[in-house]
There are 2 protein chains.
Amino acid sequence: MSLGNKHEPTQCQLVGDVLARVGDKWTVFVVRLLADRPMRFNELKRAVDGISQRMLTLTLRGLERDGLVTRTVYPTVPPRVDYALTDLGQTLITMLQGLGEWAIANRPTIVAARAAYDARAAE
Amino acid sequence: MSLGNKHEPTQCQLVGDVLARVGDKWTVFVVRLLADRPMRFNELKRAVDGISQRMLTLTLRGLERDGLVTRTVYPTVPPRVDYALTDLGQTLITMLQGLGEWAIANRPTIVAARAAYDARAAE
DNA sequence: CGGTATCCCCAGGGATACTG
DNA sequence: CAGTATCCCTGGGGATACCG
């Protein structure tokens, strides 16, 4: 097996891709909400504090494209669109959960490190 | 305990912070390299393909500020600076490992979903 | 209701030159 | 060697207006 093969990205690149996917400004919030239950567009918009209509659309389109979210249109009047996590999306939640635990466990340490660093820089 | 307390960020925000920290363009590559052993500045620069001097500096400063990396200066001529992961940085590696496994396991699914989505969009 | 389309701004990040 | 300083450009993302 060739490690330099351009068609087989390194693990680093794969991790980078995942982070690029899920590390944008809004994805985590949307995914977190959909973890509980399917939601409609404006319902999400109201729930995700501060998101613009444009960014909600882009975020959902991206998730849909990667197979993490399904978009279901009910051809009623007025139209109704439901967004829901796919099975793949559910597995992503597990990853984020792990990240959340790490964040909670280590935030005090990080905050302290930051304060110490900034104090040194300011002197 | 109050969940709406502004001094206690939601878990979503914490995850978002971690992702913002580690989800930038270069951090994963640098952290991955330092996981093996401490490295010098230009050594890192050569190892991380395509990174600019400026961005390597900024990335390392950020990691140092958050207590994930230590910076050790040896006052020799020419100067020598070693960067190494802290214990906290090591725990981060564990998280990234998990992300990497998820990425490897699910990439085929994601690639397929993307192809399918793009095919629909193009028709 | 659930979007597109358009305009605009600013931070992330590259290239280059200079320094202790 | 290990940076800082400066310039510049792209694209992420907000605000607003319009559409089926």
Side-chain angles (χ1 to χ4, degrees), chain A residues 12-13 16-31 33-34 37-66 69-84 117 120-122, chain B residues 12-13 16-31 33-34 37-66 69-84 117 120-122:
Chain A
C12 260
Q13 287 173 309
D17 286 352
V18 174
L19 290 173
R21 166 74 289 237
V22 93
D24 65 8
K25 195 168 176 182
W26 300 110
T27 294
V28 275
F29 294 93
V30 171
V31 168
L33 284 166
L34 293 180
R37 59 182 177 85
M39 289 179 79
R40 301 177 59 172
F41 186 87
N42 277 338
E43 196 178 5
L44 279 168
K45 180 153 167 30
R46 278 187 299 269
V48 181
D49 190 69
I51 196 171
S52 66
Q53 197 160 23
R54 172 188 144 84
M55 287 317 296
L56 180 53
T57 302
L58 288 178
T59 301
L60 288 169
R61 289 290 178 280
L63 289 169
E64 189 193 355
R65 184 170 111 98
D66 287 352
V69 157
T70 57
R71 176 173 181 271
T72 312
V73 182
Y74 301 95
T76 58
V77 178
R80 172 198 177 118
V81 181
D82 271 21
Y83 291 92
Y117 184 94
R120 291 189 142 256
Chain B
C12 259
Q13 287 172 308
D17 286 352
V18 174
L19 289 172
R21 165 75 289 240
V22 95
D24 66 9
K25 195 170 178 182
W26 300 111
T27 293
V28 275
F29 293 93
V30 171
V31 168
L33 284 166
L34 293 180
R37 58 181 177 86
M39 289 179 80
R40 302 177 57 173
F41 186 87
N42 277 338
E43 197 178 2
L44 279 168
K45 179 154 167 31
R46 278 186 300 269
V48 181
D49 191 70
I51 196 171
S52 65
Q53 199 160 21
R54 172 187 144 85
M55 287 317 296
L56 179 54
T57 301
L58 289 179
T59 302
L60 288 169
R61 289 290 178 280
L63 289 169
E64 190 194 355
R65 185 169 111 100
D66 287 352
V69 157
T70 58
R71 177 173 181 271
T72 311
V73 182
Y74 301 95
T76 59
V77 178
R80 171 199 176 117
V81 181
D82 271 22
Y83 291 92
Y117 184 94
R120 291 188 141 258

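Convention: sequence-line order gives letters A, B, ...; per-chain numbering from 1.
Direction change of the helix axis from one end of the helix from dC1(C)-dG20(D) to dG20(C)-dC1(D) to the other is 40°, with five pairs defining each end axis (rounded to 10°).
Between the CZ atom of Arg80(B) and the C1' atom of dG3(D) there is a distance of 16 Å, given to the nearest Å. Put simply, CG on Asp82(A) is 15 Å from C1' on dG3(C), counting in whole angstrom units. Rounded to an integer number of Å, the gap from CD1 of Ile51(B) to C1' of dT16(C) is 17 Å. As a whole-Å value, the separation of Asn42(B) CG from dT4(D) P is 13 Å. The interatomic distance linking Gln53(B) (CD) with dG13(C) (P) rounds to 17 Å, in whole Å.
Closest approach to the Trp26(A) side chain among dG14(D), dC1(D), dG3(D) is made by dG14(D) (side chain taken as heavy atoms from C-beta onward). Checking dA2(D), dG13(D), dG3(C) against the side-chain heavy atoms of Lys25(A) singles out dG13(D) as nearest. You'll find that the side chain of Asp24(B) is closest to dG13(C), out of dG2(C), dG13(C), dG3(D). With dT4(D), dA17(D), dG14(D) as the candidates, the nucleotide lying closest to the side chain of Arg61(B) is dT4(D). Here dG3(C) is the nucleotide among dG20(C), dG3(C), dG14(C) with the atom lying nearest to any side-chain atom of Phe41(A). When distances run from any side-chain atom of Arg46(B) to the nucleotides dC1(D), dG14(C), dG2(C), the shortest one goes to dC1(D).
Applying the 4.0 Å criterion to OP1 and OP2 of dG3(C), one finds that Lys45(A) has every side-chain N and O outside that range. At the phosphate of dC1(C), neither OP1 nor OP2 sits under 4.0 Å from any side-chain N or O atom of Arg40(A). At least one side-chain nitrogen or oxygen of Arg71(A) sits closer than 4.0 Å to the OP1 or OP2 atom of dG3(C). Arg54(A) has no side-chain polar atom (N or O) that falls below the 4.0 Å cut-off from OP1 or OP2 of dC18(D).
Residues satisfying the side chain to side chain donor-acceptor pair (under 3.5 Å) criterion with Arg46(A), sequence neighbours excluded, are absent altogether.
Arg80(A) has its side chain within reach of Asp82(A): a pair of non-hydrogen atoms, C-beta onward, lies under 4.5 Å apart. Here the side chains of Leu44(B) and Ile51(B) are not in contact, with every heavy-atom distance at 4.5 Å or above.
With Arg21(A) contributing its side chain and Gly62(A) its backbone, the two residues share a donor-acceptor pair below 3.5 Å.
Among the protein residues, Tyr83(A) comes within range of the sugar-phosphate backbone only, with heavy atoms under 4.0 Å from sugar or phosphate atoms but none that close to a base.
Salt bridge status for Glu64(A) with Arg120(B): absent, with no side-chain N to carboxylate O gap under 4.0 Å.
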